[in-house]
Amino acid sequence: MFPIKESRFLSEDVKLFRVQTPRIARKRQAGQFVIVRIHEHGERIPLTIADSDVDDGTITIIVQGIGKTTRLLNELEAGDAILDVVGPLGGPSEVKDFGTVVVIGGGVGTAIAYPTAVAMKQAGNHVITIVGARDRSLLILEDEVRATSDELYLMTDDGSYGEQGFVTQKLQSLIDQGRTIDHVLAIGPIPMMQAVAEVTRPHQIPTIVSLNPIMVDGTGMCGGCRVYVGGQCKFACVDGPEFDAHQVDFTNLIQRNQMYRQREQESLEQFEQDPTHDL
Amino acid sequence: MVDKLPPKERTKIPRQTMPEQDACESAHNFREVNLGLDEAIAQRESQRCLTCADPKCTHGCPVGVQIREVVDLVREGEYLSAAAKLREDNVLPAVTGRVCPQENQCEGACVLARRFNSLAIGYIERFVADYERETGQVGLPERAPSTGKKVAIVGSGPAGLSCAGDLALKGHEVTVFEALHEIGGVLIYGIPEFRLPKEIVRQEVNNMRAMGIDFQTNVVIGKTVTIDELFAEEGYDAVFIATGAGLPKFMNIPGEELAGVYSANEFLTRVNLMKAYDRDRYDSPIYDCRDRNVAIIGGGNTAMDSVRSALRLGAKNAYIIYRRSQQEMPARGEEVHHAKDEGVQFMNLHNPLEFLGNEDGNLTGVKLIKMELGEADESGRRKPVPIEGSEFVMPIDVAVVAIGTGANPLVQSTTPDMATNKWGYIVADDETLRTNKRGVFAGGDIVSGAATVILAMGAGRTAARSMHEYLETGQW
Ligand SMILES: Cc1cc2nc3c(=O)[nH]c(=O)nc-3n(C[C@H](O)[C@H](O)[C@H](O)COP(=O)(O)OP(=O)(O)OC[C@H]3O[C@@H](n4cnc5c(N)ncnc54)[C@H](O)[C@@H]3O)c2cc1C
Ligand SMILES: Cc1cc2nc3c(=O)[nH]c(=O)nc-3n(C[C@H](O)[C@H](O)[C@H](O)COP(=O)(O)OP(=O)(O)OC[C@H]3O[C@@H](n4cnc5c(N)ncnc54)[C@H](O)[C@@H]3O)c2cc1C
Ligand code: SF4
Ligand code: SF4
Ligand code: FES
């Protein structure tokens, strides 16, 4: 059992947790994730480590409640505990002084990109962050991201906050302005990452995306998380989760992520009818 | 107690059969298929043993179980003593009695095998172990006084468990680290409930907990902590690496990326570890096999376990696609026989060339080519060669690739000063299971490549002996 030390909502359905996991806190690097299971009949789901504190032995995870497991998780509070937390899994982000780095976060992807933005800043980069969300209520970590960015652009689809438009429009306009961009990291919904890849491709700007295939063990044992990069089969949990955006087969990733759609819907509906069923 | 019969009378008794669930029924549930012997059958079977002066059976067993003595005790009705005798050499008898490939080991070597049917050693072993467990009288051996030495075991499969048990008895402080959330390795995530009830594994693990062994789940060595950190930061004096051969192999043919194509590891992990078959109570999904056509590629135990699981998940047709013939199949005879009884369709001498899918990326079929057997290869098996022009497409909705596994590199890649061979397996001395790195031992599938439960257990015991020696003498 891994005790929850602190929990708070960042937006309506995005919640931050600080969880006691001393070994993981000591080891983790930006870009790595954990796999959690919250009850005996539960599934194993991957979540990025947003931050860690070696002194008090905690890691921070930020969870968007989109299906049964994440909703159930978001009902937990400080004082509760998570049954299983394993990690840190996956390879760390490649962090060095690239020059000017653009970090793009879409939705909860902002939480996933945040630790790498911090590391990029510490490595001496000029960090430009573009954060996108559907509307103002879904924007998270604004203060944290602002503190670690040299430039910050907030984009909402409906213009309810920041500028109206998509993150790719902002990226395109930076490129059009003739800004030198040495490295792009984009994390968010798959269509967003795919769109970013298409913006940077003609300019040959090295672009990294963090992929979110369905995982089970997270140790390279099952092959369920396989993604196709440059025509080659890779296991995202050990070979990734970050890959060269220009090489990724996004269509296949979307299709494989649909595999259990119907079952996930059923679970969510059951859960909404009887939220206490598993607790 | 039953009197001993003269040898001639003994050989007249037919080999007893294992009561089992009716195949029509077993094909639809995950309960154990083999039901176990009752006392009367066990007694009758034990009568068949010739009590050989030089028991060949023991030579056939990789850990040298004293079968003659065990069988004698069963005949005398001394089941608990029989269990204790068994435990002298075999720490997981309820498991091996169920899953050992006996026909190639103890039973294959039994003198009765030549003229009659071999003694049903596996059945007797299982009977004794179940008796002990069900009557709740497991005789846990005495622990030696504490030595103050700390040992880390990496991986909780049969190799890790047997090593942990032996070292704890010697008085060492033992911690087992496991990457998954449950202890048992392949016994938990791979071999299905209908062949090895998980409760048995859990009870064995609880016995070990009672012996004072510390089990830590959710620790991936190489990620959460490295081997070097176990020594330097956590104060361990020796480490045994028993991480198994868990890396799934794919065929690298077109279409393997389609939704509906699984590795056997993933398919079985979802079914066994995550209990996907109990869909009302457990959250991990599995591709809906109900009324679908499911094909398993391969001919080993893993393939049989996958195909029989698919049937139980409601498959309309469950196929084995194997590129050699029945004769070359590596699976245990009993599993093949059960699979056939339950209605699995065997397509031997067929090889997949390509998986086919629809525009949504879902699997719809497999293109196969017929094979014939040619010359014998290095392994002595006749090599399958494709028959030109024999390609055809078979409609399937789910495919499970069960063509073998390799070495997972997580530990090796973070322990660069430990030698591995060209396939990534750890190099360890045959006799001592020492690696080239001081204080580090390795055994089981991660050294031998995918093998058997009993060989892994044997390796665990060998490692325990040589680790004990190292811990006592400090000499490397
Ligand atoms: C490396 C990685 C890091 C991630 N980091 C975060 C994070 O920091 N915060 C966050 O909110 N989300 C993160 N996710 C996504 C998160 O794992 C999914 O949202 C979660 O698994 C959904 O589970 P559910 O039961 O709530 O929803 P479901 O209704 O079961 O699923 C909704 C969708 O989530 C995905 N999903 C479902 N099960 C899994 C699984 N076992 N593994 C991966 N994806 C799955 C599928 O695309 C599915 O369609 C990450 C995913 C990956 C692969
Ligand atoms: C489906 C299937 C059916 C089989 N059927 C039979 C049969 O009928 N009879 C038979 O004799 N044999 C059978 N086998 C083979 C047998 O199960 C194996 O040979 C045996 O389990 C190997 O034991 P092991 O202890 O070496 O490794 P494993 O049982 O593979 O255990 C290794 C453990 O180490 C853990 N691990 C791996 N990496 C790490 C890490 N970095 N940190 C922490 N933990 C880690 C794994 O999660 C796993 O739990 C079967 C195998 C499979 C897959
Ligand atoms: S451990 Fe296996 S090989 Fe040895 S006697 Fe028992 S069943 Fe036979
Ligand atoms: S070889 Fe067969 S008959 Fe002889 S002791 Fe062993 S089991 Fe009995
Ligand atoms: S999640 Fe199983 S191999 Fe990646």
- Task: Compare every heavy atom of B:Ile403 with every heavy atom of B:Lys249, then report the nearest pair and how far apart it is.
- Result: O-CG1, 3.8 Å
- Task: Identify whether the distance between the nearest side-chain nitrogen and carboxylate oxygen of A:Arg71 and A:Glu75 falls below 4.0 Å.
- Result: no
- Item | Interchain contact, A:Arg44 with chain B, by part (heavy-atom threshold 4.5 Å) | both
- Message: Under 4.5 Å from any heavy atom of chain B, what part of A:Asn252 do you find: side chain, backbone, both or neither?
- Response: side chain
- Message: Let me confirm one number: the CG-CG distance from A:Asn212 to A:Leu47, rounded to the nearest 0.5 Å.
- Response: 11.5 Å
- Heavy-atom distances under 4.5 Å only: say whether A:Val85 touches chain B with side chain, backbone, both or neither. backbone
- Task: Could you tell me which portion of B:Leu410 (side chain, backbone, both or neither) has an atom closer than 4.5 angstrom to a non-hydrogen atom of chain A?
- Result: side chain
- Message: Please classify the contact of A:Ile254 with chain B as side chain, backbone, both or neither, using a heavy-atom distance under 4.5 Å.
- Response: neither
- Any idea which of B:Glu257, B:Met274, B:Glu256 has the most non-hydrogen atom pairs under 4.5 angstrom with chain A? B:Glu257
- Message: For B:Asp283, run the side-chain hydrogen bond (donor to acceptor under 3.5 Å, both in side chains) check against A:Lys68, A:Arg37, A:His41 and tell me which one passes.
- Response: A:Lys68
- Item | Working for side chain to side chain contact (heavy atoms under 4.5 Å, CB included), residues B:Val154 and B:Ile227 | CA-CA 9 Å; B:Val154 183; B:Ile227 299 285; 4.3 Å; yes
- Residue part contacting chain A, namely of B:Phe267, when any heavy atom lies under 4.5 Å: neither
- Item | Donor-acceptor under 3.5 Å (B:Asp445 side chain, B:Ala450 main chain) | no
- Under 4.5 Å to a heavy atom of chain A? For B:Asn408 that would be side chain
- Item | N/O donor-acceptor pair under 3.5 Å between B:Thr405 side chain and B:Ala245 backbone | yes
- Starting from the C-alpha separation in whole Å, work towards a yes-or-no answer on side chain to side chain contact (heavy atoms under 4.5 Å, CB included) for B:Thr415 and B:Thr226. CA-CA 7 Å; B:Thr415 320; B:Thr226 62; 5.8 Å; no
- Query: Roughly how far apart are B:Gln216 CD and B:Ile183 CD1, rounded to 0.5 Å?
  - Reply: 9.5 Å
- Value rounded to 0.5 Å, distance of CD in A:Gln32 from CG in A:Leu89: 8.0 Å
- Where on A:Arg23 is there a heavy atom nearer than 4.5 Å to chain B: the side chain, the backbone, both, or neither? both
- Message: So for B:Glu182, is it side chain, backbone, both, or neither that comes closer than 4.5 Å to the heavy atoms of chain A?
- Response: neither
- Counting heavy-atom pairs under 4.5 Å with chain B, the top scorer among A:Arg26, A:Arg256, A:Gln258 is A:Arg256
- Task: Can you tell which part of A:Glu266 gets under 4.5 Å to a heavy atom of chain B, answering side chain, backbone, both or neither?
- Result: side chain
- Task: Give the member of B:Pro248, B:Ala259, B:Gly361 that has the highest number of heavy-atom pairs under 4.5 Å with chain A.
- Result: B:Pro248
- Top residue by heavy-atom pair count (under 4.5 Å) with chain A, among B:Gly246, B:Gly244, B:Ala179? B:Gly246
- Task: Look at the aromatic rings of B:Tyr277 and B:Phe30 and report parallel, tilted or perpendicular, splitting at 30° and 60°.
- Result: parallel
- Hey, which of B:Val219, B:Thr224, B:Asn265 has the most heavy atom pairs under 4.5 Å with chain A? B:Thr224
- Task: Please state whether the side chain, the backbone, both or neither of B:Lys275 comes within less than 4.5 Å of a heavy atom of chain A.
- Result: neither
- Task: Count the heavy-atom pairs under 4.5 Å between each of B:Val401, B:Asp288, B:Ile286, B:Leu268 and chain A, then report the option with the highest count.
- Result: B:Ile286
